[in-house]
Amino acid sequence: MRHLPFVLCLGVLFLPLAGLVAGTSPGEIAEALGRPSTRAAIGLSLSTSLVALLIVILVGTPAAWALSRARGATGRAARLAFELPVVLPPAVLGIALLETFGRHGLFGPLLALGGVSLPFTATAVVLTQVLVGAPLYVLTAATAFRAVDDDLLLVARTLGAGPSRAWATIALPCAAPGLVAAAGLGWARALGEFGATLLFAGNLEGRTQTLPLAIYQAFEHDMGEARAIAVVLVVLAVAVLGALTAAGAGTWREA
Amino acid sequence: MKPDLDLDVRVRLAGFALDVQLRVERGPVALVGPNGAGKTTLLRLLAGAAAHEGRMEVRGRALGALPPEARGVGYLPQGSALFPHLTAAENVAYGLAHLPRGAREARVRSLLRDVGAESLASRSARGLSGGEQQRVALARALATEPGILLLDEPTSSVDIASRPGIRALLAPVLRDASRFAVVVTHDVRDLLAWEPHIALVEGGRITASGSFAELRGSAHPFLRELLSV
């Protein structure tokens, strides 16, 4: 009986997924996978979201560390600054990106001088994914870093390690399981990004059409195709979640 | 001869001010006092955890401007402070990265033997009991042959059965004249075993300082309670 709430929760979470999978025939999936537009969307979704994840990890990890050590009013303000984009609706972000980097946006003319136009390019897709994935990654990674005891770092320092060696050999591995989880969240958010991408990068087949946008387009004319692509996206998400869980198990805490 | 410890430090941390004047001719020094009085803060300052105003000298050597890695300090923090992702041997080897592999392994073995923890070498730090962790952490702190040893409640964070062993292990370590030791404790048995100079920390200040014999007759309620045997 005490498992009932757990089972109910799982049921609510998985019922729509079960409906999706049950309603999709293997033939539909094979047909969708045979379409060049679907394959292009898979390639674009994977490549852009993984590039975005790499950028998020490189820039976000030091930021998360700094955030985890920020105290008092500064710390609260910094945390709020990272929480704001998480609660911002994607459509707002899309408009904001256009107003900033669009042809008539704040930096549009400057970018145009250098011969760069961001909207409706794969770069715009990556930029959008970085912006939605980074705050989630930084907040989650900062929580993992906050659990690292300052005394561990002080001991490492007294044993001859400079600040960067102490950080790389103690703080980073101690927080590793949490960092892997943060990367998973950030990546999932980037892979699923839809609204802001649609507004800022458009829905150009083979160029900016990621899997969520491909579902949206197929939905307009062929529900079967939309279902099939949705199942492909689920499989991709599960595969990456599995890979990250395995990576997490490889770190010390799960060993 | 220079005094072992000459402190005149002031520091203001979030919601807490430390203002310590303390001169001790011969160590070891035991910091005693109520919880939250600033004992750990003072110990961490000696290790180089934060910047402070004033003077901090150990055996005539000014520490104040030095980063932790240049102080020649061995620090054993309160509770379980081993690097949790490493084995016992890897913890001890952390400060010996400059040694060639063979020499390093031999030194780690000898350090673990000295603290009675040889058999724990390949065990993960997380899997060790409180007493085992303290032994390994002591070996790690002694690995770099520090001139200053800082120990935060080394006996109280282990189970009661392990305390006499840790106390006896520390006695010669603390009395060793080649290094100066500061230890935080709440236990009169530690004071009897180690015969340190005792400094009472209250509200971020030193309010009494002297040998066991000198402080024993004190009318101060905390000392009277602590030193009654």
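The sequence lines fix the lettering, A, B, ..., with proteins before strands; numbering per chain opens at 1.
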Under 6.0 Å from the [atom1] atom of [X], do we count more than 12 heavy atoms belonging to anything else shown?
X	atom1	value
Leu13(A)	CG	yes
Arg205(B)	CZ	no
Arg189(B)	CZ	no
Phe107(A)	CZ	no
Arg12(B)	CZ	no

Can you tell which of Pro163(A), Ala166(A), Gly160(A), Ala156(A) has the highest number of heavy-atom pairs within less than 4.5 Å of chain B?
->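 If we count pairs closer than 4.5 Å to chain B, Ala156(A) comes out on top.
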
Please walk me through it: do Asp150(A) and Arg44(B) pass side chain to side chain contact (heavy atoms under 4.5 Å, CB included)?
-> CA-CA 10 Å; Asp150(A) 278 332; Arg44(B) 296 184 88 250; 3.6 Å; yes

Minimal non-hydrogen separation, Leu82(B) against Leu152(A), with atom names =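 Nearest heavy atoms, Leu82(B) then Leu152(A): O-CD2, 3.5 Å.
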
Of the non-hydrogen atoms in Leu154(A) and Gly48(B), which two are nearest, and what is the gap between them?
->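 Shortest heavy-atom separation between Leu154(A) and Gly48(B) comes out as CD1-C, 4.3 Å.
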
Which bit of Ala97(B) comes within less than 4.5 Å of chain A, counting heavy atoms only: side chain, backbone, both or neither?
->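 Side chain only.
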
Is the Lys NZ or Arg CZ of Arg165(A) less than 6.0 Å from the centre of Tyr94(B)'s six-membered ring, within 45° of the axis?
->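 Yes, cation above the ring, under 6.0 Å and within 45°.
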
Spacing of Ile170(A) atom CD1 and Leu86(B) atom CG [to the nearest 0.5 Å] =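 Reported to 0.5 Å precision, the distance equals 5.5 Å.
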
Residues Glu69(B), Thr158(A); criterion side chain to side chain contact (heavy atoms under 4.5 Å, CB included); working and verdict | CA-CA 5 Å; Glu69(B) 57 269 34; Thr158(A) 62; over 6 Å; no

Step by step, would you call Thr169(A) with Phe83(B) a side chain to side chain contact (heavy atoms under 4.5 Å, CB included)?
-> CA-CA 10 Å; Thr169(A) 57; Phe83(B) 305 134; over 6 Å; no

Return yes if some donor-acceptor pair links the side-chain N/O of His85(B) with the main-chain N/O of Ala175(A) below 3.5 Å, else return no.
->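 Absent.
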
